[in-house]
Protein chains: 2
Amino acid sequence: MVETRELRYFVAVAEELHFGRAAQRLAMAQPPLSRAIQQLERRLGVVLLHRTARAVTLTEAGSVLLREARVVLEAVEAAERRTRRAAADRPGVVLATKAGASSELLSKLLDAYAADPCAVAVEVVLCGPGEPESLLRNGRADVALLHRPYDSTAGFDTEDLHTEQQVVVLPAGHPLANRPHMSMAEVNALTDLPLPRWPRRDGSYPDGPGPQVRDYTQLTQLITLGRACAVMPESLRAQLRDDHAIVPVPDAPAVTTVIAWPPHSRSKAVADLVRTATRL
Amino acid sequence: MVETRELRYFVAVAEELHFGRAAQRLAMAQPPLSRAIQQLERRLGVVLLHRTARAVTLTEAGSVLLREARVVLEAVEAAERRTRRAAADRPGVVLATKAGASSELLSKLLDAYAADPCAVAVEVVLCGPGEPESLLRNGRADVALLHRPYDSTAGFDTEDLHTEQQVVVLPAGHPLANRPHMSMAEVNALTDLPLPRWPRRDGSYPDGPGPQVRDYTQLTQLITLGRACAVMPESLRAQLRDDHAIVPVPDAPAVTTVIAWPPHSRSKAVADLVRTATRL
DNA sequence: CACGAACAATACCCGTACGGTATCGCCGCC
DNA sequence: GGCGGCGATACCGTACGGGTATTGTTCGTG
């Protein structure tokens, strides 16, 4: 069977598309890396890379393996972390969620769970957009609150907790601030208040007119300054200040808060937490 | 990072709870296996097994790693298989489902998909209960038709296709065969016609009065012989012969047929197939 | 209580293969 | 045509994975 070392090497080469740089990244010399990849190809009986003297490119099979190998490596990391945490019998649960989102639901959940006689300590990790997902995948978190359709729940077990409409947040005093509702088309047409750009998982930002934002603090400030508007779940209203106005956007997709956990590692504590959450 | 070899070794020991037998299973001698496990424990900084001269038992951390390691090893197998299949550019899709179940839906799906201009060959694998799930997990299949709540869809992406009530199948001429409906309690009370026992994933059978069955052929024959009854989705009626009677069981859980695929490996062919299925 | 069986750990040895250095061969490009 | 960049090849040392033999410990058992 393929070893994780080989997969690590392959991922490095496939991402760099350059044996030299990949070797550097792996803190090793280039020749052994070349050989390791050749060996991997021989063992699989598959050509993974096309090499010319000028460029390295992935074959069809290579890009399949790249996707799969990333999954495997994340699973290995998760296995190590979960094992270590199980041994460090600090019997806590790590819950990850986006900073700012679902705060009311979260505090109700934590309160309700604390009342459970066999509750253990819950460590809450507040992170940026998209991060809870990867924390859950690589074993740094045991359970997460995610928000469909923005977060992908692929590969997790989930329970729906709450669904809500979205609203657009405008600077107080904006001409449209008193409208009873708006459509997404109207929101997109606000060229004076462009929607912000959130980072992608790799840290880069999509192109567009709006300002780059990393968290809700930045966002609310930008809205106050009249540089942006934002479409967000209604419950986030609690985070806002007086100088913001909100207008419902009925045709924006409803946001469902779900509690998610890795399907295999269903510890008692996670199961209790999930049960508590579904009974809120 | 932990190597898959170490995980394979650990799984063998954790399952056998005996270094000698585990070594035998791995086709190696016992001492290197002992050392490998020690090394794994050192690298993780965690005690995985309690050994006395008389018995080997898993620690808490050990049983966590056992679960995680199985997941990792399946993911590695899947990665290898998918890569090989991507290279063997026989651009087919493998669809797994329980033999006998959903046959009408399956043939409609295959017909509809074949009409798609960019359809590729679909290889259908009919298997026993519980198997489609593991085929999907270890990369032998690309997509599967599963049946909730009997099959676990944990860790897959799914789309619901069809929900139906269940019926109890009795030998024709049974005193209750003309009842308009029955409850699960009444079905369970049929001591002359016990429900059959299906194999678990490891191949063993649960205890109980009913006969052991492996497939629907066995089951229908046993029902004909008056040795068993069975609760199954209504659509399976098409598989039955005249000497069977069916009675609806409204309080049995409804069965939902879903199409499932591994969340990461979403090839175009699988996506097309899923889209076709949801539009049936 | 002593002996033996069972079993994991230790000691020791060997071969493979992994990683390093040096070099080659191939291909673009000034 | 020579030079530079890059992956492959050649060659070497060592570390580690695996094998055999043995020890040590702990139960049963006569």
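Just so it is clear: chains get the letters A, B, ... in the order the sequence lines come, proteins before strands, and each one is counted from 1. Computed from heavy atoms alone, side chains included, the values below leave out hydrogens, waters and symmetry copies.
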Open item on the list: Could you go through B:E3 and B:R43, starting from their C-alpha distance and side-chain angles, then the distance that decides it, and tell me whether this counts as salt bridge (charged side-chain N to carboxylate O under 4.0 Å, His left out)?
Closed with: CA-CA 11 Å; B:E3 294 299 321; B:R43 288 172 64 169; 5.0 Å; no
Open item on the list: What is the distance, to the nearest angstrom, from the CZ atom on A:R5 to the C1' atom on D:dG17?
Closed with: 12 Å
Open item on the list: Under 4.0 Å, counting only non-hydrogen atoms across every strand here, what does B:Q39 touch: a base, just sugar-phosphate, or nothing?
Closed with: sugar-phosphate
Task: Bounds of contact between DNA chain C and chain B, in 5' to 3' order, using a heavy-atom cut-off under 4.0 Å - done: C:dA6 to C:dC12
TODO: Indicate the atoms forming the closest heavy-atom contact of B:F156 with B:P262, along with that distance.
DONE: CD2-CA, 4.1 Å
Open item on the list: I'd like to know if the side chain of B:E80 and the backbone of A:M1 have a donor-acceptor N/O pair within less than 3.5 Å.
Closed with: no
- [ ] Indicate for each nucleotide in nucleotides 7-13 of chain D, in 5' to 3' sequence, whether protein heavy atoms under 4.0 Å reach the base (B), only the sugar-phosphate (S), or nothing (-).
- [x] BBB-B--
- [ ] Specify the closest pair of heavy atoms between B:C127 and B:L135, including all atoms of both residues, with the distance to one decimal.
- [x] SG-CD1, 4.0 Å
- [ ] Please confirm whether the backbone N or O of A:L48 pairs with a side-chain atom of A:E41, one donor and one acceptor, at under 3.5 Å?
- [x] yes
TODO: Answer whether the closest heavy-atom distance between the side chains of B:F10 and B:I37 falls below 4.5 Å.
DONE: yes
Task: Minimal non-hydrogen separation, B:L33 against B:A23, with atom names - done: CD2-N, 3.5 Å
Task: Donor-acceptor pair, side chain of A:H18 and main chain of A:R21, under 3.5 angstrom - done: yes
